[in-house]
Q: 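Input: one structure, supplied below.
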Protein chains: 2
Amino acid sequence: MSARTAQQSYTIKEAAALTGLPASTLRYYETIGVIAPISRGASSKHRVYDESDLDQLMWVACLAATGMSVSDMRQYVANGQLGPSAATEQVELLAQQERRLALEAKQLAVRQRYVRLKIDYWQAVDAGDTDRAELLSKEARELADELKRVKKP
Amino acid sequence: MSARTAQQSYTIKEAAALTGLPASTLRYYETIGVIAPISRGASSKHRVYDESDLDQLMWVACLAATGMSVSDMRQYVANGQLGPSAATEQVELLAQQERRLALEAKQLAVRQRYVRLKIDYWQAVDAGDTDRAELLSKEARELADELKRVKKP
DNA sequence: CTAGGAACTTCAAGTACTTGAAGTCAAAAG
DNA sequence: CTTTTGACTTCAAGTACTTGAAGTTCCTAG
């Protein structure tokens with residue numbers, strides 16, 4: 001930690017981009033106490049986020065993404081303040097998040113295929129190609145089964 | 001459409017499993033008019049879903065998953081009822097969803113890389129490998145810039 | 001230095017579900 | 001046929017954001 005490390009700071013918009021949470025949610029989390037109050041600019045009321053704020057936020061974003069309730073998150077972050085001794089637990093939860101993201105990616109891919117199929121379908125309908133439309137309709141139904149399968153496990 | 005096609009029917013739970021939407025949401029969509037009223041059992045008040053209901057629901061589920069508002073969905077499904085005359089409009093909206101999904105996929109990919117990096121980071125910390133931890137921390141920051149860039153365009 | 005517009009602020013109201021309570025109905029077990 | 005278990009029903013209230021209005025503050029250009 002030399003003088004060279006000039007503590008990066010970020011606006012709320014940048015923090016939002018980095019964490020993937022909308023700025024409105026960042027403010028919301030702060031007002032309800034999920035995250036600690038963010039320091040403000042010397043001559044303004046604007047929030048100024050530093051690296052540790054970002055770390056905390058990214059962490060909260062992970063918990064939120066896994067479906068944890070805000071009251072649980074508040075509790076959990078309060079516990080998490082205790083330091084790096086919880087490294088193992090951190091990794092555990094991050095690994096969980098990784099699996100969740102992998103599942104999300106799968107579901108997204110299926111949805112993308114479905115939308116593409118529906119586009120083709122309507123274009124076939126538009127072109128009066130009934131046979132092709134029916135074929136695509138059937139394909140879409142098969143895809144629906146796949147979507148069903150990817151949801152549960 | 002022969003007599004063999006004995007119109008499959010489904011309970012709300014099955015419909016929920018097929019569409020990926022919770023049963024509560026299926027009821028909710030019905031009460032606010034996003035989907036048409038579902039017919040009820042002869043001797044009960046229970047909803048009975050048929051194939052076309054499922055088609056409609058699967059469709060709505062896709063729209064919802066891509067972030068369309070309920071009032072837009074209501075409008076959209078109403079158009080869909082009109083038959084193939086609205087085909088062009090359907091394709092237009094679907095293409096929009098497709099672009100949205102592509103963006104979502106990009107953002108998801110970055111988040112996946114970020115989580116992986118954080119896992120590696122905490123494992124390095126856990127192993128006492130300070131150099132590697134610092135390197136990974138720096139990589140994470142570079143990735144953050146990338147995430148920032150993918151948001152805007 | 002001073003406009004003007006973008007980005008920030010708070011606060012209140014709206015949206016999209018979600019959950020809980022209290023009751024009805026259905027299918028298998030006895 | 002009756003009982004029990006569990007899924008279904010409505011309705012009201014709760015949750016987690018989200019959006020809009022009205023007002024600062026920052027920044028870039030003139």
Side-chain angles (χ1 to χ4, degrees), chain A residues 9-50 53-54 57-77 151-152, chain B residues 9-50 53-54 57-77 97 100 104 107 148 151-153:
Chain A
S9 72
Y10 308 87
T11 68
I12 194 170
K13 197 164 205 186
E14 289 165 345
L18 289 165
T19 58
L21 297 169
S24 60
T25 302
L26 263 43
R27 281 187 284 258
Y28 172 66
Y29 279 175
E30 192 180 338
T31 59
I32 62 170
V34 164
I35 56 169
I38 302 298
S39 63
R40 302 309 182 95
S43 68
S44 83
K45 297 195 279 184
H46 295 190
R47 287 166 181 82
V48 179
Y49 295 80
D50 64 21
D53 291 332
L54 263 287
L57 271 177
M58 183 59 77
W59 190 233
V60 167
C62 281
L63 298 181
T66 54
M68 184 176 276
S69 75
V70 287
S71 53
D72 282 359
M73 284 195 280
R74 188 163 27 207
Q75 183 61 51
Y76 194 79
V77 169
K151 269 271 172 182
K152 265 293 171 79
Chain B
S9 71
Y10 309 86
T11 68
I12 193 169
K13 197 165 203 186
E14 289 165 344
L18 287 166
T19 59
L21 296 169
S24 61
T25 302
L26 263 42
R27 281 188 282 258
Y28 171 67
Y29 279 174
E30 193 180 338
T31 58
I32 63 170
V34 164
I35 57 169
I38 302 299
S39 63
R40 303 308 183 94
S43 68
S44 82
K45 295 196 279 184
H46 294 189
R47 287 168 180 82
V48 179
Y49 295 80
D50 65 20
D53 291 332
L54 264 287
L57 271 176
M58 182 59 77
W59 187 232
V60 167
C62 277
L63 298 181
T66 54
M68 185 177 276
S69 76
V70 287
S71 53
D72 282 358
M73 284 194 278
R74 187 163 29 207
Q75 182 61 53
Y76 193 72
V77 169
Q97 305 293 2
R100 210 193 305 222
E104 206 181 312
Q107 295 174 334
K148 187 175 164 188
K151 270 271 173 182
K152 262 294 173 74

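Keep in mind it's a predicted model, so treat the numbers as computed, not measured. Numbered from 1 within each chain, the chains take letters A, B, ... in sequence-line order.
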Q: Using a heavy-atom cut-off of under 4.0 Å over every strand shown, decide if B:Ser44 touches base, sugar-phosphate, or nothing.
A: sugar-phosphate
Q: Looking at D:dC26, I'd like to know if its phosphate oxygens (OP1 or OP2) sit under 4.0 Å from a side-chain N or O belonging to A:Ser43.
A: yes
Q: Hey, what do you get for CZ (A:Arg47) to CZ (A:Arg40), rounding to the nearest 0.5 Å?
A: 4.0 Å
Q: Select from B:Val70 and A:Ile12 the residue whose nearest nucleotide in DNA chain C is closer to the 5' end of that strand.
A: A:Ile12
Q: Taking the minimum atom-to-atom distance to the side chain of B:Arg47, which one of C:dC17, D:dC17, D:dT10 wins?
A: D:dT10
Q: Separation of A:Leu26 atom CG from C:dT10 atom C1', in whole Å?
A: 16 Å
Q: Give the nucleotide from the list C:dC17, C:dT24, C:dT9 with an atom nearest to the side chain of B:Lys45.
A: C:dT24
Q: Could you state the atom-to-atom distance from CD of A:Glu30 to P of C:dC11 in whole Å?
A: 12 Å
Q: Taking OH from B:Tyr28 and C1' from D:dT10, how many angstroms apart are they, rounded to a whole number?
A: 16 Å
Q: Once you apply a heavy-atom cut-off of 4.0 Å, does B:Ile32 come out as touching a base, just sugar-phosphate, or nothing?
A: nothing
Q: Measuring from A:Tyr49:OH to A:Leu18:CG, what's the distance to the nearest 0.5 Å?
A: 11.5 Å
Q: Quick one: B:Tyr29 OH to D:dT10 C1', roughly how many Å, whole number?
A: 20 Å
Q: Between D:dC8 atom P and B:Ile38 atom CD1, what is the distance in whole Å?
A: 14 Å
Q: Look at the side chain of A:Arg40 and decide which nucleotide, out of D:dT18, C:dT10, D:dA7, has an atom nearest to it.
A: C:dT10
Q: About how many Å separate CD1 of A:Ile12 and CZ of A:Arg27, when rounded to the nearest 0.5 Å?
A: 4.0 Å
Q: Side chain of B:Thr25 only, please: which of C:dC17, C:dT10, D:dC17 is the nearest?
A: C:dC17
Q: A:Arg27 side chain: which of D:dT10, C:dT9, C:dA7 is closest?
A: C:dT9
Q: Taking atom CD of A:Glu30 and atom CG of A:Leu57, what is their separation to the nearest 0.5 Å?
A: 9.0 Å
Q: Shortest non-hydrogen contact from B:Gly41 to B:Val48?
A: N-CG2, 3.7 Å
Q: Starting at atom CE of B:Met68, determine the distance to atom C1' of C:dC17, rounded to an integer number of angstrom.
A: 18 Å
Q: Distance check needed: D:dT24 P versus A:His46 NE2, whole Å only.
A: 12 Å
